[in-house]
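Presented below is the structure to which this report refers.
All values below come from the heavy atoms of this structure, side chains included, with hydrogens, waters and symmetry mates left out.
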Amino acid sequence: FFDINKDKLIAAASAEEWEKASKYTKVMEHWVEANIEDTTLSFLPKPKQGRDEYMIENVQYLLDKAEPNTKFMVWAHHSHEATNNSFGINIGSYLKKRLGTSYYALDLECNKGTFQSRVALSDGRFGELKSDTIPPGPEQSLSWYLSQVYESPLFVDLGSIQANPIV
């Protein structure tokens, strides 16, 4: 619809509004594609991608459109932001490759608390929101050790450590 009626939509609004609406629609399309059961559906414009590939496509769009020296904050689970992800490509490894030392990942460790997440369905899609409570970390876990420090907030820079299995 957006492509077929592009000229009419731009005339009714503006090129900027058309592009914004088109991008929002693309993000919604990504969500549907990532969450459908049947990956052989003929309406898919290309093979179904993993969630990180869609996230990368979205952040790549924003980076390409941004003014030089624009700063971004991407809020995602640490498995998405890590640069040494063993599951393959993720947004962190993409950003590290593209931005080099300008990419900096922050991992928030809260030790305990309540959060909301989507229910993972048996078919791999995500369902309704649910609330969960995480109990305090077990003794000698990372969250337990960090909770023993009575400085708030505590910032530990792990960006320059060597690839050491103990660390």
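Residues forming a side chain to side chain contact (heavy atoms under 4.5 Å, CB included) with Ile4 (at least two apart in sequence, or on another chain): none. Looking at residues two or more places apart in sequence or on another chain, you find a side chain to side chain contact (heavy atoms under 4.5 Å, CB included) between Leu142 and Leu146. When the side-chain hydrogen bond (donor to acceptor under 3.5 Å, both in side chains) test is applied to Asn111, the partners found at least two apart in sequence or on another chain are Ser143. Partners of Ile134 by side chain to side chain contact (heavy atoms under 4.5 Å, CB included), not counting sequence neighbours, listed by chain and number: Phe115. Here Lys20 pairs with Glu17 under the salt bridge (Lys or Arg N to Asp or Glu O under 4.0 Å) rule; sequence neighbours left out. Residues forming a side-chain hydrogen bond (donor to acceptor under 3.5 Å, both in side chains) with Thr101 (at least two apart in sequence, or on another chain): none. Residues passing the side chain to side chain contact (heavy atoms under 4.5 Å, CB included) test with Glu128 are Val119, sequence neighbours excluded. Scanning for side-chain hydrogen bond (donor to acceptor under 3.5 Å, both in side chains) contacts around Ser122 gives an empty result, with sequence neighbours left out. Applying the salt bridge (Lys or Arg N to Asp or Glu O under 4.0 Å) criterion to Asp132, with sequence neighbours excluded, gives Lys130.
Here the OG1 atom belonging to Thr25 is positioned 4.5 Å from the CE atom belonging to Met28, to the nearest 0.5 angstrom. Between the NZ atom of Lys96 and the OH atom of Tyr103 there is a distance of 8.5 Å, given to the nearest 0.5 Å. Of the inter-residue distances, the one linking Tyr145 atom OH with Glu139 atom CD reads 8.5 Å to the nearest 0.5 angstrom.
Annotation: side chain of Ser131 is in contact with side chain of Gln116 (closest heavy-atom distance under 4.5 Å). The shortest side-chain heavy-atom distance between Asp3 and Lys6 does not fall under the 4.5 Å cut-off.
Here the closest non-hydrogen pair linking Glu81 and Leu106 is OE1-O, 3.3 Å. Nearest approach of Ile91 to Met55, heavy atoms of both residues: CD1-O, 3.8 Å.
Following chains of ILVMFWY side-chain contacts shorter than 4.5 Å, one cannot reach Phe72 starting from Val27, and the two form parts of different hydrophobic clusters.
Residue Phe1 belongs to a hydrophobic cluster whose other members are Phe2, Leu9, Ile10, Trp18, with links defined by side-chain heavy atoms closer than 4.5 Å.
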Donor-acceptor pairs under 3.5 angstrom involving side-chain atoms of residues 58-70: please list them, not counting sequence neighbours.
from  : atom 1 : to    : atom 2 : distance (Å)
Asn58 : OD1    : Lys23 : NZ     : 3.0
Asn58 : ND2    : Tyr54 : O      : 3.3
Tyr61 : OH     : Glu19 : OE2    : 2.7
Asp64 : OD1    : Arg98 : NH1    : 3.1
Asp64 : OD1    : Arg98 : NH2    : 2.8
Lys65 : NZ     : Glu19 : OE2    : 2.8
Thr70 : OG1    : Glu67 : N      : 3.4
Thr70 : OG1    : Glu67 : O      : 2.6

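Evaluated for a side chain to side chain contact (heavy atoms under 4.5 Å, CB included) with Asn90, the options Ile56, Leu95, Asp52 yield exactly one hit, Asp52.
Within the structure, salt bridge (Lys or Arg N to Asp or Glu O under 4.0 Å) pairs that include any residue of residues 69-79 do not occur (at least two apart or interchain).
Around atom CH2 of Trp31, no more than 12 heavy atoms belonging to other residues, nucleotides or ligands sit under 6.0 Å away.
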